[in-house]
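This report concerns only the one structure given below.
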Number of protein chains: 2
Amino acid sequence: MENENLRGLFQLLTRRFGLLNKNCCSADGIEISLVQSHILYEINRQNKASIQQIAETLGTDITTFSRQIQSLIKLNLVTKTPDAEDRRISILSLTDEGVKINQTIDQQMNDYLNEIFKTMNEFEKESVVRSLTLLNDRMLKSSVCCTTPWG
Amino acid sequence: MENENLRGLFQLLTRRFGLLNKNCCSADGIEISLVQSHILYEINRQNKASIQQIAETLGTDITTFSRQIQSLIKLNLVTKTPDAEDRRISILSLTDEGVKINQTIDQQMNDYLNEIFKTMNEFEKESVVRSLTLLNDRMLKSSVCCTTPWG
DNA sequence: CGACAATACTTGCAAATTACAACTTTTTTA
DNA sequence: TAAAAAAGTTGTAATTTGCAAGTATTGTCG
């Protein structure tokens with residue numbers, strides 16, 4: 001069990017999910033990129049997070065991220081609020097429009113994924129969900145590489 | 001079981017794997033990008049594939065891909081051979097150096113992943129591997145979106 | 001207190017990445 | 001055999017990205 005081709009499994013899975021994400025996710029007439037959808041997702045997931053926090057979570061250079069946020073603000077999907085206690089910090093949040101787009105994408109992705117899961121029986125489905133959850137948990141806790149204080 | 005947050009599971013998993021991939025994979029003094037590592041991986045996986053086949057598999061525009069291949073040829077990691085039967089087609093393959101780099105990255109990624117899997121017991125491990133395999137299979141066969149004739 | 005370092009973010013600039021249009025070459029079709 | 005189609009390549013322009021250097025605010029320490 002030590003010499004599985006784990007990389008291959010992950011590589012294919014992430015690529016297929018990436019393709020799904022890439023082709024399938026615009027909403028309400030607004031076309032946003034894969035990167036932008038990740039940002040919206042993460043702003044929503046981490047409540048009241050700063051620019052730096054989200055940038056680190058996504059593994060993006062902060063200067064790049066700063067500009068990405070500027071774009072999303074122009075699209076009226078994100079807002080920046082100065083932190084009350086430390087005015088250097090900008091707290092990010094989604095606008096109503098941003099929330100809506102994020103939900104729409106969520107819905108679409110879940111629909112697609114459910115479509116795939118429909119080909120499995122209840123036992124397989126449950127096992128897959130449990131496995132992905134477990135993996136996420138262990139990768140989060142791993143000190144190997146690639147984790148930030150904000151998961 | 002219908003309203004799982006499947007998207008969230010996939011989003012986190014693929015991001016974490018992406019970070020792993022991003023930070024952890026250069027080899028033999030050659031720094032290659034994430035995109036390049038995917039290309040090497042895929043050229044190796046699909047034997048004797050054409051430029052178009054790999055480009056489609058990876059969901060990359062063919063003009064972009066053409067230039068990516070040019071870069072990899074300059075790095076002496078990939079070669080292009082005209083197809084004997086149809087001279088419009090270029091068959092891609094890895095050079096010895098390319099094979100070596102790909103193997104090194106494989107090794108590194110598998111080491112990291114094994115490190116993560118070490119925190120699981122044998123039953124969990126097996127269940128996760130089986131789940132990922134099943135998922136890959138079903139996504140490959142899915143007509144929903146995002147599959148090419150070459151998987 | 002006050003200078004100096006550190007932190008959070010932003011902008012200048014240059015390089016890398018990407019994609020559409022238009023092109024060449026070769027093969028297929030009718 | 002002429003026209004259409006397919007596989008790649010290049011021109012060009014827009015977008016994305018990251019390092020260096022900047023501003024503004026906060027923390028530190030003599």
Side-chain angles (χ1 to χ4, degrees), chain A residues 15 18-19 21-23 25-26 30-40 42-43 46 48-75 77-93 148-150, chain B residues 15 18-19 21-23 25-26 30-40 42-43 46 48-75 77-93 148-150:
Chain A
R15 195 179 62 227
L19 289 174
N21 228 331
K22 190 177 181 179
N23 297 334
C25 293
S26 55
I30 295 183
E31 280 275 340
I32 67 172
S33 69
L34 181 60
V35 170
Q36 289 175 325
S37 82
H38 275 250
I39 296 173
L40 295 189
E42 205 56 33
I43 290 176
Q46 297 180 39
K48 310 275 180 198
S50 72
I51 288 183
Q52 192 142 70
Q53 276 176 35
I54 306 277
E56 261 192 63
T57 302
L58 297 174
T60 313
D61 184 278
I62 195 170
T63 69
T64 300
F65 190 74
S66 173
R67 278 185 258 252
Q68 286 169 340
I69 291 299
Q70 286 169 29
S71 305
L72 288 169
I73 290 175
K74 262 184 208 148
L75 288 173
L77 301 177
V78 168
T79 53
K80 233 172 35 181
T81 319
D83 186 297
E85 290 172 5
D86 185 340
R87 277 174 301 168
R88 290 172 303 180
I89 297 175
S90 288
I91 301 298
L92 297 175
S93 47
T148 70
W150 307 281
Chain B
R15 194 176 64 227
L19 289 173
N21 227 331
K22 190 176 181 178
N23 298 332
C25 294
S26 55
I30 296 184
E31 280 273 341
I32 66 172
S33 68
L34 180 59
V35 171
Q36 288 175 325
S37 82
H38 275 250
I39 296 173
L40 295 190
E42 205 56 32
I43 291 176
Q46 297 180 39
K48 310 275 182 197
S50 71
I51 289 184
Q52 192 144 69
Q53 276 175 38
I54 306 277
E56 261 190 64
T57 302
L58 296 174
T60 312
D61 184 277
I62 195 171
T63 68
T64 301
F65 190 73
S66 173
R67 278 185 256 252
Q68 285 169 341
I69 291 298
Q70 285 169 28
S71 305
L72 288 169
I73 289 174
K74 261 185 209 146
L75 287 173
L77 301 177
V78 169
T79 53
K80 232 172 33 181
T81 319
D83 186 296
E85 292 172 6
D86 185 340
R87 277 175 301 169
R88 289 173 303 180
I89 297 174
S90 288
I91 301 298
L92 297 175
S93 48
T148 72
W150 306 281

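Protein chains get the first letters and strands the later ones, always in sequence-line order, with residue 1 at the start of each.
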When rounded to the nearest 0.5 angstrom, what is the spacing between [atom1] in [X] and [atom2] in [Y]?
| X | Y | atom1 | atom2 | answer |
| --- | --- | --- | --- | --- |
| Thr81(B) | Ile89(B) | OG1 | CD1 | 12.5 Å |
| Ile91(A) | Asp83(A) | CD1 | CG | 4.5 Å |
| Ile69(A) | Thr79(A) | CD1 | OG1 | 10.0 Å |

Going 5' to 3' along DNA chain D, which nucleotides are the first and last within contact of chain A (any atom under 4.0 Å from a heavy atom)?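 Nucleotide range with atoms under 4.0 Å of chain A: dT17(D) to dT26(D).
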
Could you state the [atom1]-[atom2] distance from [X] to [N], rounded to the nearest angstrom?
| X | N | atom1 | atom2 | answer |
| --- | --- | --- | --- | --- |
| Gln53(A) | dA8(C) | CD | P | 9 Å |
| Glu85(A) | dA8(C) | CD | C1' | 16 Å |
| Arg88(B) | dT27(C) | CZ | P | 7 Å |
| Asp61(A) | dC9(C) | CG | P | 13 Å |

Of Gln46(B), Glu42(B), His38(B), Gln52(B), which is the lone residue that meets side chain to side chain donor-acceptor pair (under 3.5 Å) with Thr57(B)?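 Checked Gln46(B), Glu42(B), His38(B), Gln52(B) against Thr57(B); only one passes side chain to side chain donor-acceptor pair (under 3.5 Å): Gln46(B).
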
Is any side-chain heavy atom of Leu92(B) closer than 4.5 Å to one of Lys80(B)?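 A side-chain contact under 4.5 Å exists here.
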
Taking C-beta and beyond as the side chain, do Gln36(B) and Leu40(B) meet within less than 4.5 Å on heavy atoms?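 Answer no - side chains too far apart.
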
Base contacts versus sugar-phosphate-only contacts with protein, heavy atoms under 4.0 Å: please encode nucleotides 10-17 of chain C as B, S and - from 5' to 3'. BBBB----

Closest heavy-atom pair and its distance - Leu58(B), Leu19(A):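 Scanning both residues completely, I find the closest heavy atoms to be O-CD2, 4.0 Å.
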
Validation: residues 59-67 of chain B side-chain donor-acceptor distances under 3.5 Å, sequence neighbours left out:
unit_1   : atom_1 : unit_2   : atom_2 : d
Asp61(B) : OD1    : Thr63(B) : N      : 2.8
Asp61(B) : OD1    : Thr63(B) : OG1    : 2.6

